[in-house]
Amino acid sequence: MARRWLVQLVILGFLAVQGGLVVRAAFFGGKLPWRMFSGRTNADRYLMAVAIGPTGQRTSIPLERIFRYARGSTDLRLPDNFRPLTDDTDREARDRFARFLGEWARGHDIPVASVELVWVVVDVDTLRVRARSFVTVTM
Amino acid sequence: MRSGWARFWFIAEPVWPIWFYRAGLCAWTAAFFLPRVPYLDELYGAWPVHQPAQPFAWLGLPVLPLVVVQLMVGALLVLLGLFAVGGGRHPRVVHAIILVLLGYLFGYDMGPLRGYGKLAAVQWGLLFFAPYDRRPDERAPRWGKRLLMLQFTSVYVFTVFAKTIQGQGWTDGKTLYYSMLSPQYGQHLLSRWVTFDLTMVKVMAWLVLAGELFVGFGLWVGRTRKLAMLACVGLHLGMALTLRVSLLFHALMLLHLVLFVSWPEPDRRA
């Protein structure tokens, strides 16, 4: 009998979590779970890192050589999902990432005085390309 | 009401679907980790792109040395093999160790982990309540299996609401249209060779929403179950042919259909 009550408690706990997710979304502005493909714009975004040498020479840092793991069937690498690069909430982490790339470039004989991170945005409908530099870190 | 509740959760059912499901989940989890093995240093090392899951961040859990992570993944793969064929003498203990290992490996990788990884983590937890330690020809109360089934179908129902109420671009088809046009997420097999216009994609988007709702509810009704299973296969086949979504996602979702096969019929006297 005690076991039956325990089982019912587990079931009620499960239902409470599911119901709680709905209540949170309906009344407290929470996000519903399982939001895969719940919205998309016409933009594809690609991260680019540029090493700028002391003479102003610009060399692209090959991110796909540093981050070799590609997600699922895509060519997306770990930095593509690194939140500090997409929002502005953690500038320290973003700068640390840029410095890490700079150190890598220096270790591979690429002249580097600063590192610039750029989002290249491609409109998938018109194929128009825009580049937006969002941080430059001095080494 | 009380008898309905008892019937829904506690009728005794054959255990074999749970055996299939357990073996399938083990194979799926091994397939999830094997391609990651060459990249363990990148995925679990102290790289400046790490975003551990929230509980890990709160606890301030340190990054473990690579050799420890390698041992954890090795142990996990061995235990998955053992658990897939029954779990030895103490399947619950093996399951508990697997949960601990997955807790770290899924949790520490939770930042880039996609929806299907999170679903697998939830299902590994819920599987603990299923009677997989009985013989496959035995019958056992189905409440653990029901939890797995409810979690699975709730994904389809939640995703429809997430797309229509909180999301955007589904009623006009634009989200699907842009996804299929995108080289990052689409331009894959069929969508690479055929260009779908927006009107056609709008119809497809509504079919997806209707299909997901039908799978979410139709699997629970005896009369519509087979059709809902077909709809589920069709949905995932369509996605696999047009979008760059990992095959692991489709495999995990389709694996759950075995839980909805009821043969022989449940014992209503139990």
Side-chain angles (χ1 to χ4, degrees), chain A residues 4 7-8 10-11 13-15 17-18 21-22 25-26 29-46 66-85 90 92-101 103 122-127, chain B residues 5 9-10 35-36 38-39 42-43 47-51 111-112 114-116 118-119 126 129 141 143-144 146-147 150-151 154-159 161-170 174-179 181-188 208 239-240 243-249:
Chain A
R4 176 82 166 226
V7 165
Q8 308 226 31
V10 172
I11 293 170
F14 173 83
L15 296 176
V17 170
Q18 301 281 333
L21 289 168
V22 176
K31 300 279 185 210
L32 283 163
W34 319 114
R35 302 166 48 78
M36 305 82 76
F37 286 97
S38 62
R40 231 195 95 78
T41 64
N42 55 346
D44 265 1
R45 228 175 19 186
Y46 299 87
I66 307 171
F67 299 97
R68 294 163 303 134
Y69 179 77
R71 201 183 84 195
S73 312
T74 70
D75 197 35
L76 295 169
R77 312 286 162 141
L78 291 183
D80 290 301
N81 286 100
F82 189 44
R83 203 168 301 133
L85 302 183
D90 193 350
E92 200 183 312
R94 187 192 62 187
D95 293 355
R96 201 166 47 238
F97 173 71
R99 260 186 231 106
F100 164 80
L101 295 178
E103 292 298 334
V122 182
D123 184 320
V124 295
D125 219 356
T126 62
L127 299 181
Chain B
W5 171 270
W9 295 104
F10 298 112
R36 300 169 102 80
Y39 310 105
E42 192 179 315
L43 291 165
W47 286 52
V49 282
H50 263 296
Q51 310 170 85
R114 312 321 300 166
Y116 57 86
K118 290 178 186 169
L119 177 65
L126 291 178
F129 302 117
W143 67 276
R146 287 293 210 205
L147 292 179
L150 272 174
Q151 178 57 53
S154 76
V155 171
Y156 289 98
V157 178
F158 272 124
T159 197
F161 291 123
K163 283 169 182 158
T164 50
I165 298 172
Q166 292 191 332
Q168 54 186 5
W170 273 88
K174 280 192 174 161
T175 285
L176 198 53
Y177 178 70
Y178 291 139
S179 298
L181 269 185
S182 153
Q184 275 181 336
Y185 294 100
Q187 296 284 312
H188 187 54
V208 168
M239 272 188 265
L243 296 174
R244 288 176 192 276
V245 180
S246 170
L247 287 179
L248 284 168
F249 169 58

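Lettering follows sequence order; numbering is per chain, from 1.
- In terms of heavy-atom pairs under 4.5 angstrom with chain B, the leader among Lys31(A), Arg96(A), Arg99(A), Arg68(A) is Arg68(A).
- Residue Leu119(B) touches chain A through both its backbone and its side chain, counting heavy-atom pairs closer than 4.5 Å.
- Note: Tyr177(B) OH to Arg40(A) CZ = 12.5 Å, rounded to the nearest 0.5 Å.
- Between Tyr185(B) and Phe37(A), the ring planes are perpendicular. Angles over 60° get that label, and only those under 30° would be called parallel.
- Of the residues considered (Ser154(B), Pro48(B), Ala162(B), Pro183(B)), Pro48(B) shows the highest number of contacts with chain A, using heavy-atom pairs under 4.5 Å.
- With a threshold of 4.5 angstrom between heavy atoms, Leu126(B) approaches chain A through side-chain atoms but not through N, CA, C or O.
- Within the 4.5 angstrom heavy-atom criterion, no atom of Leu248(B) approaches chain A.
- Of the atoms belonging to Leu85(A), not a single heavy atom falls under 4.5 Å from chain B.
- Interface residue Ala25(A): backbone and side-chain heavy atoms are both found under 4.5 Å from chain B.
- Residue contact with chain B, scored on non-hydrogen atoms closer than 4.5 Å, involves the side chain of Phe100(A) exclusively.
- For Gln151(B), the parts lying under 4.5 angstrom from a heavy atom of chain A are both the backbone and the side chain.
- Heavy-atom pairs under 4.5 Å with chain A peak, among Ser182(B), Gly169(B), Gly186(B), at Ser182(B).
- Asp75(A) does not touch chain B: none of its heavy atoms, backbone or side chain, sits under 4.5 Å away.
- Because its NZ or CZ atom is not both nearer than 6.0 Å to the ring centre of Phe14(A) and within 45° of the ring axis, Arg146(B) does not count as a cation-pi partner of that residue.
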